[in-house]
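We name chains A, B, ... by the order of the sequence lines, and we start the count at 1 in each one.
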2 protein chains.
Amino acid sequence: MAVARDRSATNASDEDGASEGKSPRTARGRKTLRAILDAAAVEFGEKGFHESSISGITTRAGVALGSFYTYFDSKDAVFRALVRDMSTQLRDHVTPLVQAAPDGIAAERIGLESFLEFVREHKEIYRIIDESEFVDYESYRHHYTTTVERIHQRLKAGAARGEIRADVGEIHAWAIGGMNVFLGLRFGLWDRESNPREVAAIANDLLARGLRP
Amino acid sequence: MAVARDRSATNASDEDGASEGKSPRTARGRKTLRAILDAAAVEFGEKGFHESSISGITTRAGVALGSFYTYFDSKDAVFRALVRDMSTQLRDHVTPLVQAAPDGIAAERIGLESFLEFVREHKEIYRIIDESEFVDYESYRHHYTTTVERIHQRLKAGAARGEIRADVGEIHAWAIGGMNVFLGLRFGLWDRESNPREVAAIANDLLARGLRP
DNA sequence: TCCCAAGTTGAATCCTGGTTCAACTTTCAG
DNA sequence: CTGAAAGTTGAACCAGGATTCAACTTGGGA
C-alpha cells in the first residue's frame with residue numbers, strides 16, 4: 001500500500017514519483033504527493049486505468065482536484081510513476097531473499113515463493129503492470145525485460161558455479177518468468193488459499209531436473 | 001484475419017458474433033456483420049480497446065456508423081465477441097497439430113511451436129486477450145482457465161500412457177501455460193526473426209526431464 | 001512580524017466519442 | 001409484382017471526465 005516510500009531523495013530531479021520538474025519543495029508538498037500516489041494505486045488497482053478518474057484519486061487522497069496537477073502532468077503520468085514504483089517494490093522484495101539462497105536452483109524456488117507472497121500482499125500489481133501494456137507500452141516492456149534479465153543473470157551465475165547446466169540462456173529465463181507470472185495469477189491472486197511454499201516447491205521440482213548440468 | 005468464419009449457424013440464438021437477438025437474417029446482413037467483426041479485430045489489435053472507436057471500426061468496414069448497432073449492443077459487446085473468437089481460432093489451430101504428436105512430451109513441444117506460429121500470424125491476439133482483463137474479466141479468466149485445462153488434460157493422458165510422471169497436476173499445467181505465453185510474447189511477437197521450432201525445442205528440452213516419469 | 005514562494009482549491013471549459021433515431025433503401029416471401 | 005421486414009445511413013444528442021486557471025491559504029526564512 002505504501003507507494004512512495006522513504007528514499008534518500010537525491011535532488012529535485014524526479015526519483016520521487018512526480019512528473020518532470022514538479023517535485024515538491026516542502027514537507028507539506030511531499031505529504032500531498034504521497035497521498036496522491038497511494039490513492040492512485042488503490043484507484044487504479046480497483047477500477048483499472050480507464051474507469052479511474054483523477055477526481056476519484058484526489059477524493060481518496062483527500063485533496064482538491066487541482067492539486068493533482070501540481071505534481072503530475074496528466075493521468076498517464078501518475079500511471080507511469082506507479083508502474084515504475086510497483087516494479088521497484090517487487091524487485092526490492094524478491095532480490096534480497098533470492099540472494100540468500102544456497103544455490104542456483106533454490107534461488108528460483110525462492111524467487112517464485114517470494115513473488116507469490118508479494119502478490120498476496122499487493123493484489124493491485126497485476127492490474128497495474130498488465131494495464132501498462134495499453135497505457136504505456138515502454139514501461140510494460142521494460143518491466144518484463146528487466147525482470148527476465150534478472151532471472152537470466154541468476155541462471156548464468158549458477159552455471160558459472162556449476163550448479164546449473166552451462167548452456168542456459170534467454171529462452172530458459174523467459175520460460176521461468178512466464179511460469180512465475182502464471183502461477184502468481186492462479187495461486188497468488190485467484191486462489192488465496194494454497195500454500196506458496198508448496199506451489200513453489202512443486203514448480204521448482206519440475207524445473208530442477210531440467211536445469212541441472 | 002478472417003474472424004467470422006463459416007459456421008453451421010444453427011439458429012437465431014447467437015453462435016455468430018452478434019449480440020443477443022441481433023443475428024443477421026439475410027445474406028446481406030451476414031456480410032455486413034462479418035465486415036464489422038474483421039474491422040474490429042484490426043482496430044482493436046492496432047489501437048487497443050479504449051483508443052479504438054466505433055466510427056473507426058465502421059469506417060474500416062466500409063459501413064455507416066449506425067449499422068454497428070444493428071449487430072451489437074455496445075462497444076463492449078463486439079469486444080467480447082472478438083475475445084471468444086480469437087480464443088476459438090487459437091484452439092482450432094493448435095489442437096489438431098497437438099493431437100498428431102507421437103507422445104505426451106512431444107505434444108507440449110508442438111503445442112508451443114504451433115502457438116508461436118499462430119502469434120506470428122495474428123499479432124492482435126496479445127492485445128485482445130490481454131485487454132479482456134480490463135474490458136471483460138470473465139472472458140479473460142475463461143480463456144486462460146480453459147487453455148490451461150487443455151494442457152492439464154494432455155498431461156494426464158500422457159501420464160496414463162506412462163510417458164509422463166504420474167503425479168502431474170494443475171501446477172505443472174499452469175507453469176507450462178505461462179511459459180508458452182511468455183515465449184510467445186518474446187519470440188513470437190517482439191522478435192519475429194527467431195525460429196519457432198528451435199525455441200520450442202529448447203524450452204521442451206527443459207520441460208522433458210522434469211516431466212518424465 | 002512580514003512576505004513571498006509553494007501549495008491548495010474547485011468551478012468552468014472543452015472535447016471526445018458512444019449511443020440514438022427517424023428517414024431512406026434493399027430484399028424476398030407470397 | 002408488391003409490401004412488410006430487414007438493413008442502412010449519418011447527423012445530432014449527451015455524458016463523463018481530463019485539464020485549466022485565477023483567487024485564496026500556508027508556512028518558514030529574513
Nearest non-hydrogen partners of B/V181 and B/Y126, listed with the distance: O-OH, 2.5 Å
Heavy-atom pair with the smallest gap, counting every atom of A/G29 and A/P24: C-CB, 3.4 Å
Considering all heavy atoms, the nearest B/A18-B/L33 contact: CB-CD2, 4.1 Å
B/K22 to B/F72 six-membered ring, cation-pi geometry met (6.0 Å, 45°): no
Geometric class of the A/F118/A/H93 ring pair [parallel <30°, tilted 30-60°, perpendicular >60°]: tilted
Atom pair CZ (A/F49) and NE2 (B/H50), whose distance is rounded to the nearest 0.5 Å: 9.5 Å
Sugar-phosphate, base or nothing in reach of A/S53, heavy atoms under 4.0 Å: sugar-phosphate
Touch class at under 4.0 angstrom, heavy-atom based, for A/F72 against every strand present: nothing
Residues from residues 129-137 of chain A lying under 4.0 Å of DNA chain C - heavy atoms: none
Aromatic contact, A/Y140 with A/Y137 (centres under 6.0 Å): yes
Rounded interatomic separation in angstrom, taking CD1 from A/I54 and P from C/dT9: 16 Å
Whole-Å gap separating C1' (C/dT26) and CZ (B/R25): 16 Å
Of the listed nucleotides C/dG7, D/dT8, C/dT19, the one nearest the side chain of B/K75: C/dT19
Minimum-distance pair of heavy atoms, taken over all atoms of A/A203 and A/L112: CB-CD2, 3.7 Å
A/E51 CD to D/dA18 P, straight-line distance once rounded to whole Å: 10 Å
Residue-level proximity of residues 55-69 of chain A to DNA chain D when a heavy atom falls under 4.0 Å: A/L65, A/Y69
Check against side chain to side chain contact (heavy atoms under 4.5 Å, CB included), A/V168 and A/L211: CA-CA 8 Å; A/V168 274; A/L211 286 177; 4.0 Å; yes
Over all atoms of both residues, closest heavy-atom pair of A/S67 and A/I36: O-CD1, 4.2 Å
Rounded interatomic separation in angstrom, taking CZ from B/R30 and C1' from C/dT27: 12 Å
Atom-pair distance (NZ on B/K47; C1' on C/dG17), nearest Å: 12 Å
Ring centroid separation B/F182 to A/Y144 under 6.0 Å: yes
Check the interface with nucleotides 25-30 of chain D: list each N/O to N/O pair with the protein under 3.5 Å, or write none.
none

For atom NZ of A/K22 and atom P of C/dA6, their distance in whole Å: 14 Å
